[in-house]
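Below is one structure, written out as structure tokens; the observations come after it.
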Amino acid sequence: MSLVNVHNEWDPLEEIIVGTPINGQLPQPDISVQAVDFPDIDNPQKIPVGKFPHHIIEETEEDIEEFIDTLNKLSITVRRPEPQNNEKVFTTPHWSSDGLYTYCPRDMILAIGNTVIEAPSSLRCRYFETKAYTNIFIDYMKSGSRWISAPKPELRDTTYLQNNGVFSISEDEPLFDAANILRLGDDLLYLVSNSGNLLGAQWLQSTLGPQYTVHTCYNENNFKHIDTTYSFIREGTLIYNPHRVNDKLFPKVLDKWDKIACPKMVPTSFYGDAPLSSPWIGMNILMITPNLAIVEKSQIHLIKLLEKIKVDVIPLQLRHTRTLGGGFHCITCDIRRRGNE
Ligand code: DAV
């Protein structure tokens, strides 16, 4: 039986990949880093660079160990990436870059049905990031899963467009992060943003075939990933970020869903001046079953809301979500959930 079998964000979880902050760093800034990760910084000199402080890596690995312990107690199989050397500079015909991290498998790996897809990230520093998961993908393939990679993009300078100070990415080639996508069975929600273009949605649709429908959607600032805009709780119920979407921006496929506005986030601290994520990283939760969620423990308003809609919560600590740009949804990639659609 294929070890990869996942159709939505909420069915009972059986297997998951969990990232690691180890060897994580901020790459040498280039036009891709500016356009995708730091679109609000006008002076490239101000983009943070280099190794994260030791305590951030250590405390995060500590938090992740407790998270994995919790998953194991729930009989969920956990796999981890191989450590990568992110300091090594690599070169394509058009540019050179060093690496970022393997903290967020969600960004690079899309598991849909029995298929894993390596995503064509718009960030140059992530070009080889999925190599950290090759052994895992081979295991999955041996079990009967499909393993494909989107066409490797060129990511020339002309990919990154700037209009009146606002960055976007071009439509020259398919580009997306896996975290631009959420699964609702045969319907997939695809956020068009500075980390995912329309051609990427088209590639995904043509590759998955007529069984699936890729629904493109937008948010207020077309910023990065979909999992700080929507959190899907169970069939028919979602929580949305009221600062990013509203009645005008909900895609039609969500017409019949109960849409609950996310309450205000409890601010959490971050290192430096320019963290990798906004305060909304607090709504980046992981559903274990339709009635059980893992939520960062500071987010007491969100936890209260979940309990009100009959979702039990396991509150866990993840101290550096803003600095490292990932909550419990980002730092994971759910691979198998019970259920067939
Ligand atoms: O809203 O800050 C964070 C990206 C997480 N992968 C945000 C996007």
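One-based numbering, in listed order, for ligands and for the atoms of each. Note that the structure is a prediction, hence the values are computed from the model and not measured.
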Could you say whether the N/O atoms of [X] and ligand 1 ever approach to under 3.5 Å?
X: Asp227; value: no
X: Trp280; value: no
X: Arg244; value: yes
X: Thr228; value: yes

Pull out every atom of ligand 1 sitting under 4.0 Å from any heavy atom of [X], numbered as shown with elements.
X: Gly325; value: 5 (C), 6 (N)
X: Phe223; value: 2 (O), 7 (C), 8 (C)
X: Ser277; value: 2 (O), 3 (C)

Looking only at the side chains, is there a donor atom on one of [X] and [Y] sitting less than 3.5 Å from an acceptor on the other?
X: His243; Y: Glu220; answer: no
X: Glu87; Y: Asn23; answer: no
X: Tyr190; Y: Gln202; answer: no

message = Just to confirm my output: which protein heavy-atom neighbour is closest to atom 2 (O) of ligand 1, and how far is it?
response = Ser278 N, 2.7 Å
inquiry  = For atom 6 (N) of ligand 1, what's the nearest protein heavy-atom neighbour? Residue, atom name and distance, please.
reply    = His225 ND1, 2.7 Å
key: Evaluation steps, side chain to side chain contact (heavy atoms under 4.5 Å, CB included), between Leu13 and Thr289   = CA-CA 6 Å; Leu13 183 62; Thr289 75; over 6 Å; no
task = Assess whether salt bridge (charged side-chain N to carboxylate O under 4.0 Å, His left out) is satisfied between Glu9 and Arg183, documenting all intermediate values.
result = CA-CA 6 Å; Glu9 306 290 322; Arg183 302 151 301 195; 3.0 Å; yes
inquiry  = Is the distance from the ring center of Tyr271 to that of Phe52 below 6.0 Å?
reply    = no
task = Select one of side chain, backbone, both or neither to describe which atoms of Cys330 lie under 4.0 Å from any atom of ligand 1, heavy atoms only.
result = side chain
key: Residue pair Val166 / Pro39, side-chain heavy-atom distance below 4.5 Å   = no
ask   = Which pairs with one or both residues in residues 109-125 pass side chain to side chain donor-acceptor pair (under 3.5 Å), sequence neighbours excluded?
value = Thr115-Arg146, Glu118-Thr130, Glu118-Trp147, Ser121-Asp177, Arg124-Asp157
Non-hydrogen atom of Gly326 closer than 4.0 Å to ligand 1 = no
